[in-house]
There are 2 protein chains.
Amino acid sequence: MATIGDVAKAAGVSRSTASYALSGKRSISPEVVRKVMAAVESLGYAPNAGARALATSQTMVIGLLVQFLQDEFAPAMLQYMLGVSDVARELGYDILMVTEPDGAKALKRITDQRMVDGVVLLNVADDDDRLPVLRAAQQPGALVGLPLDCTGLDVFDLDFAEAGRMMVDHLAGLGHREAVLVLQPEHVLQRGAGYVRRLRDAAVAEAALRGLALHIEYGEAQQPAVGAHLVDLLDRYPQATGLLLHNEAAAAALPSVLHARGLQAPRDLSVVGRYSDEFARTFSLPYSSIESAPDRLGRLAVRQLVRRIEGPALQEPYVARLLQPELVDRGSTAAPLA
Amino acid sequence: MATIGDVAKAAGVSRSTASYALSGKRSISPEVVRKVMAAVESLGYAPNAGARALATSQTMVIGLLVQFLQDEFAPAMLQYMLGVSDVARELGYDILMVTEPDGAKALKRITDQRMVDGVVLLNVADDDDRLPVLRAAQQPGALVGLPLDCTGLDVFDLDFAEAGRMMVDHLAGLGHREAVLVLQPEHVLQRGAGYVRRLRDAAVAEAALRGLALHIEYGEAQQPAVGAHLVDLLDRYPQATGLLLHNEAAAAALPSVLHARGLQAPRDLSVVGRYSDEFARTFSLPYSSIESAPDRLGRLAVRQLVRRIEGPALQEPYVARLLQPELVDRGSTAAPLA
DNA sequence: GCTATCGTTCGAACCGGTTCGACGATCTCA
DNA sequence: TGAGATCGTCGAACCGGTTCGAACGATAGC
């Protein structure tokens, strides 16, 4: 591989001149610039990333910490990742993807070794063990997912509390008096996934306010238990006229469950879900839902991260941005039969 | 951040001695090793990745080139990626994930700049434009997906031809005489995705051999067209007693289509698909299918890649490994009604 | 007692960039 | 015409590791 020394030699100038000709950080005569460019072209020169990182202490790489938990819905994760990757490239950064189960250790490794200029953490839990490491690191970080304590960090997430209120409001507004909310499996909550709690608590509070009897159920993670649980639900709450789903697996399984029982939405049951538009599209789900664009969260996180990387001087206050959810009406809800 | 110079100073030795104490590449007295280790510990020293890469010309990073094409089934992609990421970490490598649409350009960038020690290409097409770049690069690469010409490259893929034969054999063996094969949308084929062609051609040849009338159909990519197409199919081939699916979207949509028409598998129609076990599990698909573990392909590719990275001397012949598919019987096929 | 050997350590060079200070040439203006 | 500013370029130092060759003292061999 050609080095900048080779380029300089071929152009008949010193290494520093070649460097300045390429970076434009000092004025160099057009003549020399032309010769350097020609040399770069003919030698196929590309700067060595390691050497440049050493000299500038900038890697132009962003770390992306993903955690694949068995009970998370994987395709949604992919959406976040693509958003992150897209924007990073637009801004000139590459992505170092880390999927190790021990995220804290991995984060320490890539920041300590200066492999990256900053990191994006996906799947942040209430009391995420990566946060102390991130705070101690000399590098900026952006979170997707709202932890309990987010001081000193930039955080992006969907406003799950608002989503919970919206679902309840929607059904209550149509006149429903009793409904079931199917959440993620209980161990997701126990693991510290705050979004489940936030949606649940807001939904419960709103239901109390609106006079809706809301039954809380924690769904199953794996088929066929998911379907069985739904069937069981329908038996246990015969009076319920509304079904709220915050559980992708349950949403995917519901059509055939209803089919099998001869039920139709919204005729026999009003159904409203909470999942990403991508998910709804892939499965062609016929249910109204509170949607979010996970890639958008990824994009926002990277934009903010790069702002911090490139303007370390600016001690902007940290942001905690909660995106407003949106209800997409697919006609699966209606006023209950008297 | 502490450098090795700081460690050396703290331990009262020279930089080179500190380096050797850590790497063990020369014998160093136990006494000194202990002091160096203590210094590392107390200073929190971690070697700078850029500096090390510069000195050793090894980055300990593997490039992962992913292409997200609209009509590919994204979750499967994730499986490949996780397999790659897992094994890479086991072997001490990190992953630089690149998702740019222009894969050839991206590949050139990361290899020319020596950001990686080698690359894994996912989604390799018949005449992939990344291959010339890879062949010209000074770095080893491994492919997941079989291109037309794979000389000089290590390739891993499922044996789609065998999968096609297995599906046909299975139905023919049960006594079916007429069946429909639903493939990926036609533009997937035109884009150069060889696996569709290989499965199709092998299925057609085997059908001819076994005396099965096989109708070839190219499915739709997006809902609700997918479902409509299936409905249309059932009308157009009333004599067909078998349905072969090589199209995830169609497989996901089929249960409700059959339901709506009051058809049951295998009573009215024998169904056999071709998709990953992960996919079958997520959607709880009740169909027998030819399964593959995409993460296994990713793992194999990385293992082979690392072998080449670390033993560049060994000019082992290049491997083209096609995994044997496996038919998982879920009872959705039976002998046709006389 | 002198030399050969070995184990241990050090100094210096190198990897390939970037950047600072200096220097000569040209230009400006008094 | 000479002082001072400006422009373009160069040499050298530096980033933080690794590695080669040499030097050192201690031990072994004769």
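Labels below follow one simple rule: chain letters A, B, ... track the order of the sequence lines, proteins then strands, and each chain is numbered from 1.
Over its full length, the helix from C/dG1-D/dC30 to C/dA30-D/dT1 turns its helical axis through 50°, comparing axes from the five pairs at each end and rounding to 10°.
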Exercise for review: Could you give me the CA-CA distance, side-chain angles and deciding distance for A/N123 and A/Q67, then say whether side chain to side chain donor-acceptor pair (under 3.5 Å) is met?
Suggested key: CA-CA 7 Å; A/N123 251 339; A/Q67 292 190 307; 5.6 Å; no

Point to revise | Criterion side chain to side chain contact (heavy atoms under 4.5 Å, CB included) on B/L300 and B/L323, from CA distance to verdict | key: CA-CA 10 Å; B/L300 285 171; B/L323 291 191; 3.8 Å; yes

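Here salt bridge (Lys or Arg N to Asp or Glu O under 4.0 Å) pairs that include residues 6-28 of chain B, with residues two or more places apart or in two chains, number zero. Within the structure, side-chain hydrogen bond (donor to acceptor under 3.5 Å, both in side chains) contacts touching residues 30-57 of chain A (residues at least two apart or in different chains) do not occur.
Counting 5' to 3', DNA chain C first comes under 4.0 angstrom of a heavy atom of chain B and last does so at the ends given by C/dG7 to C/dG16.
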Look for any protein N or O under 3.5 Å of an N or O in nucleotides 25-27 of chain D and output each such pair with its distance, or none.
none

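Less than 4.0 Å separates DNA chain D from at least one heavy atom of each of the following residues of residues 8-23 of chain B: B/R15, B/S16, B/S19, B/Y20. Near DNA chain D, meaning a heavy atom under 4.0 Å from it, residues 52-62 of chain A has A/L54, A/A55 in order of number. Against DNA chain D, the stretch residues 36-46 of chain A makes no heavy-atom approach under 4.0 Å. Non-hydrogen atoms lying under 4.0 Å from DNA chain D are contributed by nothing in residues 107-118 of chain A.
Between the OG atom of A/S292 and the CG atom of A/D157 there is a distance of 9.0 Å, given to the nearest 0.5 Å. Atom CG of residue B/L134 and atom CG of residue B/L131 lie 6.5 Å apart, to the nearest 0.5 angstrom. With rounding to the nearest 0.5 angstrom, the CD1 atom of B/I110 is 12.0 Å from the CE atom of B/M97. Atom CG of B/L305 sits about 9.0 Å away from atom CZ of B/F156, to the nearest 0.5 Å. Once rounded to the nearest 0.5 Å, the distance linking CG of A/L91 with CE of A/M60 reads 8.5 Å.
Residues B/I62 and B/V306 form a side-chain contact, since some pair of their non-hydrogen atoms from C-beta on lies under 4.5 Å apart. Between A/S29 and A/V33 there is no side-chain heavy-atom pair separated by less than 4.5 Å.
One N or O on the side chain of B/D149 and one on the backbone of B/T151 form a donor-acceptor pair closer than 3.5 Å. Using modelled atom types, one side-chain atom of B/T111 and one backbone atom of B/L107 make a donor-acceptor pair closer than 3.5 Å.
Within the 4.0 angstrom heavy-atom criterion, base atoms lie near B/S27.
Scanning all heavy atoms of the two residues, the minimum distance from A/V61 to A/M115 falls at CB-O, 3.8 Å.
Place A/T3 and B/R26 on DNA chain C by their nearest nucleotides, and B/R26 ends up nearer the 5' end.
For B/D117, there are no salt bridge (Lys or Arg N to Asp or Glu O under 4.0 Å) partners at least two apart in sequence or on another chain. Not counting sequence neighbours, A/D127 has no partner by the side-chain contact (heavy atoms from CB on, under 4.5 Å) test. With sequence neighbours excluded, no residue forms a side-chain hydrogen bond (donor to acceptor under 3.5 Å, both in side chains) with A/S19.
Between A/D126 and A/R191 no salt bridge is recorded (no basic side-chain N to carboxylate O distance below 4.0 Å).
Of the options B/R303, B/R308, B/R321, a salt bridge (charged side-chain N to carboxylate O under 4.0 Å, His left out) to B/D154 is made by B/R308 and by none of the others.
In A/R296, the CZ atom is not crowded: 12 or fewer heavy atoms of neighbouring residues, nucleotides or ligands sit closer than 6.0 Å.
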